[in-house]
A.B. asks: 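Got a structure for you, written out below as structure tokens; questions coming shortly.
Only this structure's heavy atoms are used, side chains among them; waters, hydrogens and symmetry mates stay out. Fair warning: this is a prediction, and the values are worked out from it, not measured in the lab. Lettering follows sequence order; numbering is per chain, from 1.
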There are 2 protein chains.
Amino acid sequence: MLLEQEEKKVDPRIKRTRQLLQQALMDLMKEKSFQSITVQDIAERATVNRVTFYAHFEDKYALLEHTIREMIRQQLRSQVPEDAPFSTESLTRLILTVCEFLAEMSRRCPLPHTQFEPLMEKQIKTELYEVLRAWLAKPSSAKSSHRPTPEQAAMVTSWAIYGAVLQWSQQERREPAREFVKQVLPLILAGLQLVDKVPVP
Amino acid sequence: MLLEQEEKKVDPRIKRTRQLLQQALMDLMKEKSFQSITVQDIAERATVNRVTFYAHFEDKYALLEHTIREMIRQQLRSQVPEDAPFSTESLTRLILTVCEFLAEMSRRCPLPHTQFEPLMEKQIKTELYEVLRAWLAKPSSAKSSHRPTPEQAAMVTSWAIYGAVLQWSQQERREPAREFVKQVLPLILAGLQLVDKVPVP
DNA sequence: AAGTCCTTGTCGCTTAGGCGACAAAAGCGC
DNA sequence: GCGCTTTTGTCGCCTAAGCGACAAGGACTT
């Protein structure tokens, strides 16, 4: 209700420039460490003026944040089609996607990525929260006390999911992701079932 | 001498826009026929406004011309490093590249491409001419009469090469490109050897 | 034939992006 | 410490790109 007509009339040049910048950063990070990448490098690679960079992002850290956010968002949305109905299957895919994302990131940046782990955590949880809130908010129109609000449930669950996946991803001998998801799914589901109208499988 | 400081101070936005447009056209041609592609389609794919298209090209035919020209240029330059010294080996690579290009084009556009064959012919011969002229112009500073000028030789040779390769590419049972090049190389070379300072192998 | 729909070009006006230049702040060798 | 280079931000001025709207031509249906 409050946020409705988003991403409508954005100047296409702005969209393109941001796209170019974040693509440039992703490309560069395959070649060298984030620290050694300069704003100049990014601008050059993106075929964009350095000044233009600053018109869009505070600094390279802000761009990194935005980039990671977009990556996780796209990956989540591709697996969970925006307004899909809630189901244990959707939830499974959701958790699985986070597994793959974290595994991919730790594979690609073995050590140096420890410094932007908090950043990733923030972005991933935020996106998880958005998906979950959208799921839970739909059927709940009746106000029943003694039940958590969809927002509360979404918040708790997003933290729970991230925590579980993080632990999984940090094991050096980790089981297959599918296996892991099967094990933690009941845990995650337990909290959700307290919310109004969430189906019990 | 006359044309020296080319491609220096071109606004990067212009370069980028043209690049985007020609990339968009190439992508679209993998999906549908050139005739059925509209300016709108190209602009959309390139994330560029339709009006901007007209600021750069007369119509889609002009873009096609420019695109083909860039494609053949890049392919030639990648095989023959700009100011490589002339040698039979370079010449072989040159002819081979034209073979591959024409084969690729006729493979990709089996029938519909007959209509822009003249267009391709023009662009390919022009680029061939440029490469050859650069080769032949280098050592020739002594003016000897009764010998063709580098420009004449380059012109004749570019036509000869294109003609030979075209005939080869239109055979339905054609020999391997390398085989073919070996056979016609002496023919091509014969004319070049009349030019000052061209080494006889 | 008249009807709609789409594509093609072209027009001002607005906005984002490119540029040169600058000062401030890091790096870095010595 | 001290120069030296590189990087970082920030300033106006200029130019390319986006937009809405428009007329004019096809193409296709009825």
A.B. asks: Between B/Arg50 and B/Ala43 (side chain of the first, backbone of the second, donor and acceptor by atom type, cut-off under 3.5 Å), is there such a pair?
C.D. replies: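 The answer is no, because no donor-acceptor pair under 3.5 Å joins these two groups.
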
A.B. asks: On DNA chain C, check which nucleotide each of A/Asp11 and B/Pro12 is closest to and give me the residue with the more 5' one.
C.D. replies: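 So the residue in question is A/Asp11.
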
A.B. asks: Expressed in angstrom and rounded to an integer, what is the separation of A/Gln40 atom CD from D/dG9 atom P?
C.D. replies: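 Atom CD in A/Gln40 sits about 13 Å away from atom P in D/dG9.
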
A.B. asks: Quick check for you: among D/dA17, D/dT8, C/dC11, whose closest atom lies nearest to any side-chain atom of A/Thr38?
C.D. replies: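 That would be D/dT8.
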
A.B. asks: Would you tell me if any nitrogen or oxygen in the side chain of A/Asn49 comes within less than 4.0 Å of OP1 or OP2 on C/dG17?
C.D. replies: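 So the side chain of A/Asn49 is outside the cut-off, no N or O lying under 4.0 Å from OP1 or OP2 of C/dG17.
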
A.B. asks: Have a look at B/Arg16 and say if it touches a base, only the backbone sugar-phosphate, or nothing, with a 4.0 Å heavy-atom cut-off.
C.D. replies: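 Contact class for B/Arg16: sugar-phosphate only.
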
A.B. asks: Take atom CD of A/Gln35 and atom C1' of D/dT7, then tell me their distance rounded to the nearest Å.
C.D. replies: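 Between C1' of D/dT7 and CD of A/Gln35: 13 Å.
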
A.B. asks: In whole angstroms, how far is the C1' atom of C/dT7 from the CZ atom of B/Phe53?
C.D. replies: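 Taking CZ of B/Phe53 and C1' of C/dT7, I get 13 Å after rounding.
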
A.B. asks: Does D/dA16 have OP1 or OP2 under 4.0 Å away from a side-chain N or O of B/Thr17?
C.D. replies: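 No, because none of the side-chain N or O atoms of B/Thr17 sits under 4.0 Å from OP1 or OP2 of D/dA16.
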
A.B. asks: CG of B/Asp59 versus C1' of D/dG25: gap in Å, rounded?
C.D. replies: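 Result: 15 Å.
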
A.B. asks: Compare side-chain N and O positions of B/His56 against OP1 and OP2 of D/dA16 and report whether any pair is under 4.0 Å apart.
C.D. replies: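 Answer is no, no contact under 4.0 Å.
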
A.B. asks: Picking from A/His66, A/Arg69, A/His56, what satisfies side-chain hydrogen bond (donor to acceptor under 3.5 Å, both in side chains) with A/Gln22?
C.D. replies: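 Going through the options one by one, the only one that passes is A/His66.
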
A.B. asks: How close or far is atom P of D/dT7 from atom CG of A/Asp41, stated in whole angstroms?
C.D. replies: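 Value for this atom pair: 7 Å.
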
A.B. asks: Taking B/Thr38's backbone N and O only, do any of them form a donor-acceptor pair with B/Asp41's side chain (distance below 3.5 Å, no angle check)?
C.D. replies: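 Yes: the side chain of B/Asp41 pairs with the backbone of B/Thr38.
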
A.B. asks: Can you figure out which of C/dG18, D/dT8, C/dT8 approaches the side chain of B/Arg50 most closely?
C.D. replies: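 When the side chain of B/Arg50 is considered, C/dT8 is the closest of C/dG18, D/dT8, C/dT8.
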
A.B. asks: When the distance from CZ of B/Arg13 to P of D/dA16 is rounded to whole Å, what number comes out?
C.D. replies: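 Going from CZ in B/Arg13 over to P in D/dA16 covers 6 Å.
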
A.B. asks: Just call it for A/Thr47: base, sugar-phosphate, or nothing, with non-hydrogen atoms closer than 4.0 Å on any strand.
C.D. replies: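 Sugar-phosphate contact only.
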
A.B. asks: Contact class for B/Val51 (heavy atom, under 4.0 Å): base, sugar-phosphate, or nothing?
C.D. replies: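 Base: the residue B/Val51, judged by heavy atoms under 4.0 Å, touches a nucleobase.
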
A.B. asks: From NZ of B/Lys60 over to C1' of C/dT7, roughly how many Å is that when rounded to an integer?
C.D. replies: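 Computing the B/Lys60:NZ to C/dT7:C1' distance gives 10 Å.
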
A.B. asks: Does B/Gln167 have more than 12 heavy atoms from other residues, nucleotides or ligands lying within 6.0 Å of its CD?
C.D. replies: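 No - once you tally the heavy atoms of other residues, nucleotides and ligands closer than 6.0 Å, there are 12 at most.
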
A.B. asks: My understanding is that only residues two or more places apart in sequence, or in another chain, count here; which of them pass side-chain contact (heavy atoms from CB on, under 4.5 Å) with B/Ala62?
C.D. replies: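 Applying side-chain contact (heavy atoms from CB on, under 4.5 Å) to B/Ala62 gives B/Phe57, B/Glu58, B/Asp59.
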
A.B. asks: Could you tell me how far apart A/Ile42 (CD1) and D/dG9 (P) are, to the nearest whole angstrom?
C.D. replies: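 Rounding to the nearest Å, CD1 of A/Ile42 and P of D/dG9 are 11 Å apart.
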
